Engineer: 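Take a look at this one; I'll ask things after.
These numbers were taken from a predicted model, which means no experiment stands behind them.
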Amino acid sequence: INEFTQDFEELSTAAAKQHGLKKAMGNMKVDWEPLEFLTAERNGVPLLRGIDEIQTVLDDHISKTQAIRSSPFCKPFEEEVHAWEATL
């Protein structure tokens, strides 16, 4: 076992980083659940209102998604990351 200690440590580190990235993806999806796109009419035209919070979350999630995408540890769920980025 001692001769494989370094291999185990590398695998453990990679798995922990993958788990952290996957968890961050899940947290971003949960963040969108309570957000609502509200409208208010102005001159008979519905306009989005209160978009400051939505824009802030969107900007933050775009940055996080790009960071996750650039990580070598996102390979196992790379398609999910690309799909999420396209959704944003």
Engineer: Let me know which of Thr56, Asn27, Thr87, Asp31 forms a side chain to side chain donor-acceptor pair (under 3.5 Å) with His61.
Structural biologist: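 The side chain to side chain donor-acceptor pair (under 3.5 Å) with His61 is passed solely by Asp31 among Thr56, Asn27, Thr87, Asp31.
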Engineer: Would you say that more than 12 heavy atoms from the other residues, nucleotides or ligands in this model lie under 6.0 Å from the CD of Glu53, or not?
Structural biologist: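 No - once you tally the heavy atoms of other residues, nucleotides and ligands closer than 6.0 Å, there are 12 at most.
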Engineer: Is it true that Leu35 and Val30 fall in one hydrophobic cluster, defined by side-chain heavy atoms closer than 4.5 Å?
Structural biologist: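 In one cluster with Leu35: Val30, no.
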Engineer: With clusters defined by side-chain heavy atoms of hydrophobic residues (ILVMFWY) lying less than 4.5 Å apart, directly or transitively, does Trp32 cluster with Leu38?
Structural biologist: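 They do not share one cluster, since no chain of ILVMFWY contacts under 4.5 Å joins Leu38 to Trp32.
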Engineer: Can you name the side chain to side chain donor-acceptor pair (under 3.5 Å) partners of Arg69, sequence neighbours left out?
Structural biologist: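 So Arg69 forms a side chain to side chain donor-acceptor pair (under 3.5 Å) with Glu85.
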Engineer: Are Ser71 and Lys17 close enough that some pair of their side-chain heavy atoms sits under 4.5 Å apart?
Structural biologist: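 Answer no - side chains too far apart.
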Engineer: Hey, does Phe77 have a side-chain heavy atom less than 4.5 Å from the side chain of Ile68?
Structural biologist: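 Of all side-chain heavy-atom pairs linking Phe77 with Ile68, at least one is under 4.5 Å.
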Engineer: With the side chain counted from C-beta on, respond yes when Val45 and Glu41 share a heavy-atom pair under 4.5 Å apart, and no when they do not.
Structural biologist: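 No, their side chains stay 4.5 Å or more apart.
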Engineer: Taking a hydrophobic cluster as the set of Ile, Leu, Val, Met, Phe, Trp and Tyr residues connected by side-chain heavy atoms closer than 4.5 Å, whether directly or through intermediates, do Leu21 and Leu11 fall within one such cluster?
Structural biologist: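 Result: no, two separate clusters.
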Engineer: Kindly work out whether a path of hydrophobic side-chain contacts (I/L/V/M/F/W/Y, heavy atoms less than 4.5 Å apart) joins Phe37 to Leu47.
Structural biologist: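 No.
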Engineer: With a cut-off of 6.0 Å (strictly less than), are more than 12 heavy atoms of other residues, nucleotides or ligands near CD of Glu79?
Structural biologist: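 Open.
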Engineer: What residues form a side chain to side chain donor-acceptor pair (under 3.5 Å) with Lys29, not counting sequence neighbours?
Structural biologist: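 Partners of Lys29 under the side chain to side chain donor-acceptor pair (under 3.5 Å) test: Glu80.
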